[in-house]
Participant: 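Mind having a look at this structure? Questions to follow.
What you see is a predicted model; the values in this text were computed from it and never measured. Naming: A, B, ... by sequence-line order, numbering from 1 per chain.
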2 protein chains.
Amino acid sequence: MEAPKSLYRIVKTGGELEVLEPIKRLASQSRIRKSGVALGIGDDAALWRPRPNREVVLTSDWFLEGTHFLRDKHPPDSVGWKCLARAISDIAAMGGVARCFLLSLALPPSHTGRWLSEFLGGLALAAKRFGCELAGGDTTSRKDILVNVTVVGEVRKGEAVLRSGAEAGDLLFVSGQLGEAELGLRLVRRSSSRAGWRNPALKKHLYPEPRLALGQWLAEKQIASAIMDLSDGLSTDLFRLCASSGVGARVFAEKIPAVKVSGRAGRTVGDALELALHGGDDYELLFTVPRNKKNLLPPSFRGVPLANIGEITAARKIVLMNERGLQQMIEPRGWDPFRRTRK
Amino acid sequence: MEAPKSLYRIVKTGGELEVLEPIKRLASQSRIRKSGVALGIGDDAALWRPRPNREVVLTSDWFLEGTHFLRDKHPPDSVGWKCLARAISDIAAMGGVARCFLLSLALPPSHTGRWLSEFLGGLALAAKRFGCELAGGDTTSRKDILVNVTVVGEVRKGEAVLRSGAEAGDLLFVSGQLGEAELGLRLVRRSSSRAGWRNPALKKHLYPEPRLALGQWLAEKQIASAIMDLSDGLSTDLFRLCASSGVGARVFAEKIPAVKVSGRAGRTVGDALELALHGGDDYELLFTVPRNKKNLLPPSFRGVPLANIGEITAARKIVLMNERGLQQMIEPRGWDPFRRTRK
């Protein structure tokens, strides 16, 4: 046996605490009644108690500097809000309730102070807004800012609505307005400084609202035959829904609730239909409804418009009809991280 | 309304499939009976069915190129095995059973072929070995290889063993041999080429075995008052266990089951006690046992030695006793990602 060379005093391990302590503080200040979290941050793992007769809904999402946000252009509180909101959108798309989440965070030492504090502020607001408690995660040091969020949700047994349930003849709906987030992204990219959170044109890009209540209502009332969330753009996500259900779709261009692009912005950021078809990050719900249930759908749900943009077809192709009745095939041109460039 | 400029044919979205397809294949080939996974990869989120009267154990772990592994030195199948094994070790440390996991993977396009296939091979072996089914995750393209794994486990209600249960007078135990993984890491760093998976000195570093069965047995028989896994080195992790329980510890240096360091290697890679005290990545269990339960513990459990290395004290300091009865304080010198250098 050889003894260590010198006598040491017990010291609190240094740097990791600079990151862990504010995260622990957030967790203890953001407890959510009945979240089911029985043991939060501080042990080897978290403990969570599911409710009886539920299935657990599980999803993980990357949110990476350079890929999903820009360190110098996106306000830290928006990064915090959005990394959670977009993962929760996957829970909404199953018709589920969000219960708790795990945060994996990698940060440069330069960002453990104010940046971290603002990031956690935005995250805490989203956690409260969506009723989803921080239960655990992992932290490490890294040159780039890396985030991964796992959300744990619940849905009543047998009530989850999949992508694969659409049938020929079903009507195709979307919530909200499409292309708004993409428009916001283009405005942010263009600006020379960090985006202002007060600019209403940027709100949907910076602080998206997953459609939890709508998803739950569609699932509970058994109105929708298929649901998915629009994260990569309508052209790409509709393609996925159709592929998963073994069907096609006919979409009426003039019925797509496209973002308003007007004046000077309109001439430089692209046209509204293009934004609505191919823009990502909207986190609206795309869903199908059997014709005999159409009357159960209100024109809007809790202030969010619901638009019937087309119908599901047996022919496995996706067709866009314009107002003169001309048809075009839609190619998925939304977000695919492994394509070299975004067309 | 403005129509898109040209007519497109539906094409499968390109690059993402190169990554998603092999992962889906792995998932479908690695189904685990009674894992509880009701809906795997391919929808917005996964669905999983917990068993009745269980608490859910949740943990996420980073596994990042440059921080946790080296692209050119670590075989891809070891990266796949280890990213899952180390996350499962946190489940073992709660006394839980691993049920399913989510894989978040970011890869350069250059690594979607052979590297990915070997990585998934190692991951599949670990998934099978530890009875943990791939249920979902996220993929994206990135210059660096980034991995984040979330494991979902279960433990009978009230049976989870925390870090915080150690009391003065309890005996302190570790499983296995300490410092072996750190020794392996030093050998890998030194070698000029990619590590050979057949080298027995590297086995624990490349393919660690979380102590799932031991953790479950300690929890079920209610033998341990506290358990945690050794991921960052005994000096750091014992410090955490003691801080969490509000106690201290007295450790007997000659009782620490340190890795054997002999001959030429011994002169250059550091001494055995130093490796055992401060080396990370062992994924053994550190646990405390009330004295009146000492006789319930065998000298080894399923081939893994169990060593009584000391005792828990009321005085909140950690003391190392050498064979001449001299005391030294132990400072946590294991892995802390936010310290600039590893001392």
Participant: Would you mind telling me which of A:A135, A:S104, A:G136 has the largest number of heavy-atom pairs within less than 4.5 Å of chain B?
Facilitator: A:S104

Participant: For B:M94, which atoms come within 4.5 Å of any heavy atom of chain A: side chain, backbone, both, or neither?
Facilitator: side chain

Participant: Quick one: of B:L326, B:I256, B:L58, who has the most non-hydrogen atom pairs under 4.5 Å with chain A?
Facilitator: B:L58

Participant: Sort by residue number and list every residue of residues 46-53 of chain A having at least one heavy atom under 4.5 Å from chain B.
Facilitator: A:A46, A:L47, A:W48, A:R49, A:P50

Participant: Determine, for A:D144 against B:R142, whether the closest basic-nitrogen to carboxylate-oxygen distance falls under 4.0 angstrom.
Facilitator: yes

Participant: When rounded to the nearest 0.5 angstrom, what is the spacing between OG in B:S244 and CG in A:D44?
Facilitator: 9.0 Å

Participant: State whether B:D138 and A:R86 are salt-bridged, where the test is any N-O pair (Lys NZ or Arg NE/NH1/NH2 against Asp/Glu carboxylate O) under 4.0 Å.
Facilitator: no

Participant: Listed by chain and number, what are the side chain to side chain donor-acceptor pair (under 3.5 Å) partners of B:D61, not counting sequence neighbours?
Facilitator: none

Participant: Just give me the residue among A:L102, A:T67, A:L39 that pairs up with chain B most often, heavy atom to heavy atom, under 4.5 Å.
Facilitator: A:L102

Participant: So, taking the atom named CG in B:L103 and the one named OG in A:S60, what distance separates them when rounded to the nearest 0.5 Å?
Facilitator: 9.0 Å

Participant: Out of curiosity, B:D90 CG to A:D43 CG, how far, rounded to the nearest 0.5 Å?
Facilitator: 9.5 Å

Participant: Tell me, out of A:N148, A:V151, A:I91, A:V57, who's got the most heavy-atom pairs with chain B below 4.5 Å.
Facilitator: A:N148

Participant: Under 4.5 Å, counting heavy-atom pairs only, tell me which of A:I227, A:V56, A:T59 racks up the most with chain B.
Facilitator: A:V56

Participant: Counting only heavy atoms closer than 4.5 Å, note whether B:V152 contacts chain A via side chain, backbone, both or neither.
Facilitator: side chain

Participant: Side chain from CB out, backbone as N, CA, C, O: work out which of these in A:V155 comes under 4.5 Å of a heavy atom of chain B, or both, or neither.
Facilitator: side chain

Participant: If you round to the nearest 0.5 Å, how far is OG of A:S141 from CG of B:L64?
Facilitator: 10.5 Å

Participant: At a 4.5 Å cut-off on heavy atoms, which part of A:L241 comes close to chain B: side chain, backbone, both, or neither?
Facilitator: neither

Participant: Let me know if B:V147 has heavy atoms under 4.5 Å from chain A in its side chain, its backbone, both or neither.
Facilitator: backbone

Participant: Measure distances from B:A38 to the heavy atoms of chain A and classify the residue's part below 4.5 Å as side chain, backbone, both or neither.
Facilitator: side chain

Participant: Pick from A:E65, A:H68, A:R54: which one has the most heavy-atom pairs with chain B under 4.5 Å?
Facilitator: A:E65

Participant: Begin with the C-alpha distance, continue with both residues' side-chain angles, and end with the deciding distance and a verdict on side chain to side chain contact (heavy atoms under 4.5 Å, CB included) for B:T139 and A:W62.
Facilitator: CA-CA 8 Å; B:T139 59; A:W62 285 121; 5.7 Å; no

